[in-house]
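Just below is one structure, and these are the notes that go with it.
We count ligands from 1, going down the list as the structure has it; atoms in each ligand are counted the same way. Small disclaimer: the values here were computed from a predicted structure and weren't measured.
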Amino acid sequence: MENLLNNIIKSNKKYTNFGQVASYIPELKNANAEDLGICIIDKDNNIYYAGDYKKKFTIQSVSKTIILAMALMDNDWAYVFSKVGMEPSGDPFNSIMKLETDDTKKPCNPMINAGAIVTTSLIKGATLKEKEERMLAFFRKIAKNDNIKINQAVYESEKLTGDRNRAMAYLLKNDGVINGDVEEILDLYFKQCSIEIDCVDLARIGLIFANYGIDIETGERVISENVSRMVKTFMVTCGMYDASGEFAIKVGIPAKSGVGGGIMASVPRKMGIGVYGPSLDKKGNSIAGIKVLEDLSKQLELSIF
Ligand code: GLN
């Protein structure tokens with residue numbers, strides 16, 4: 001397995017030259033475009049890795065899966081889905097367009113920015129601090145890593161430049177889709193995106209979803225079975241934004257990407273996968289990371305379809 005992973009990383013490294021690191025969040029420009037790494041943890045808790053799997057990066061939109069799980073555990077599902085839809089948007093992750101044109105005024109799904117701002121607004125806690133602490137505690141629990149923290153520089157960079165997200169959030173408040181203090185909701189959103197992780201953390205979290213919410217080592221249920229299923233389904237239909245259809249055809253594994261360069265993948269009942277490659281394609285997905293998953297899926301016959 002280690003050989004296979006080393007070969008896949010080696011043969012796909014060239015694709016890192018065809019994309020670019022995200023720059024609209026200034027701090028993300030500091031990533032090394034040539035990095036490429038992978039970690040797999042299987043259902044027997046075997047761990048395999050290759051390449052730059054130890055490099056730290058910010059989780060960005062991969063966090064949307066975890067926040068969705070929290071929102072669904074904190075609230076009545078019908079309430080959650082009265083505020084955010086279940087359909088792919090077919091638009092870029094930061095698109096504002098359908099918030100205006102859709103009759104419902106609610107974001108299409110929780111995997112795009114507008115939808116994640118909604119799920120963030122549904123996280124329970126008496127104060128912003130309490131919400132942040134609950135969020136971090138949950139990330140640490142499912143990644144089984146107590147050292148997980150927020151990258152302060154990225155958080156500040158996002159907060160300073162996140163006016164597009166700010167615009168969406170105010171529109172959502174205006175339309176009654178979110179309630180409460182908009183700046184506080186945005187603060188929690190920027191913080192969740194700025195959580196620093198590596199491929200091992202992503203593989204661990206991916207494995208929890210793959211295992212329908214049960215921690216493989218302790219047997220503890222940390223996410224309900226139905227919520228795990230829902231999150232994985234959203235990963236299939238919306239996890240790679242407006243590239244989710246092509247990804248489903250070519251890779252066939254539930255996955256979620258982020259502009260930090262991470263992709264978390266969950267092969268039901270088999271394994272969690274974390275990939276890192278900060279060079280992105282035009283849609284904001286790791287350009288070499290997708291190729292790595294394509295090869296892996298073919299060689300290990302991982303497609304769920
Ligand atoms: N923090 C990023 C943003 O809000 C997350 C986007 C992403 O990873 N696609 O724009």
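- The ring-ring contact (aromatic ring centres under 6.0 Å, His included) pairs that include a residue from residues 91-125 are Phe93-Tyr241, where partners are two or more places apart or lie in different chains.
- Taking the charged nitrogens against the carboxylate oxygens, Lys144 and Glu217 do have a contact shorter than 4.0 Å, which makes a salt bridge.
- Using a 4.0 Å cut-off between charged side-chain N and carboxylate O, Lys141 and Glu220 make a salt bridge.
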Identify all pairs of nitrogen or oxygen atoms, one from ligand 1 and one from the protein, separated by less than 3.5 Å, and list them with distances.
unit_1: ligand 1; atom_1: 1 (N); unit_2: Gln60; atom_2: OE1; d: 2.6
unit_1: ligand 1; atom_1: 1 (N); unit_2: Glu158; atom_2: OE1; d: 2.8
unit_1: ligand 1; atom_1: 1 (N); unit_2: Glu158; atom_2: OE2; d: 3.3
unit_1: ligand 1; atom_1: 4 (O); unit_2: Asn113; atom_2: ND2; d: 3.1
unit_1: ligand 1; atom_1: 4 (O); unit_2: Asn165; atom_2: ND2; d: 2.9
unit_1: ligand 1; atom_1: 4 (O); unit_2: Tyr189; atom_2: OH; d: 2.7
unit_1: ligand 1; atom_1: 8 (O); unit_2: Ser61; atom_2: N; d: 3.0
unit_1: ligand 1; atom_1: 8 (O); unit_2: Ser61; atom_2: OG; d: 2.7
unit_1: ligand 1; atom_1: 8 (O); unit_2: Val259; atom_2: N; d: 2.8
unit_1: ligand 1; atom_1: 9 (N); unit_2: Ser61; atom_2: OG; d: 2.9
unit_1: ligand 1; atom_1: 9 (N); unit_2: Tyr241; atom_2: OH; d: 2.6
unit_1: ligand 1; atom_1: 10 (O); unit_2: Tyr24; atom_2: OH; d: 2.6
unit_1: ligand 1; atom_1: 10 (O); unit_2: Asn113; atom_2: ND2; d: 3.1

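- Under the 4.0 Å criterion applied to side-chain N and carboxylate O atoms, Lys13 and Asp52 are assigned as salt-bridge partners.
- Contact check on Asp163 versus Arg166 returns a salt bridge, with a Lys/Arg side-chain nitrogen under 4.0 Å from an Asp/Glu carboxylate oxygen.
- Here the CD1-NZ distance, from Ile287 to Lys14, works out to 12.0 Å after rounding to the nearest 0.5 Å.
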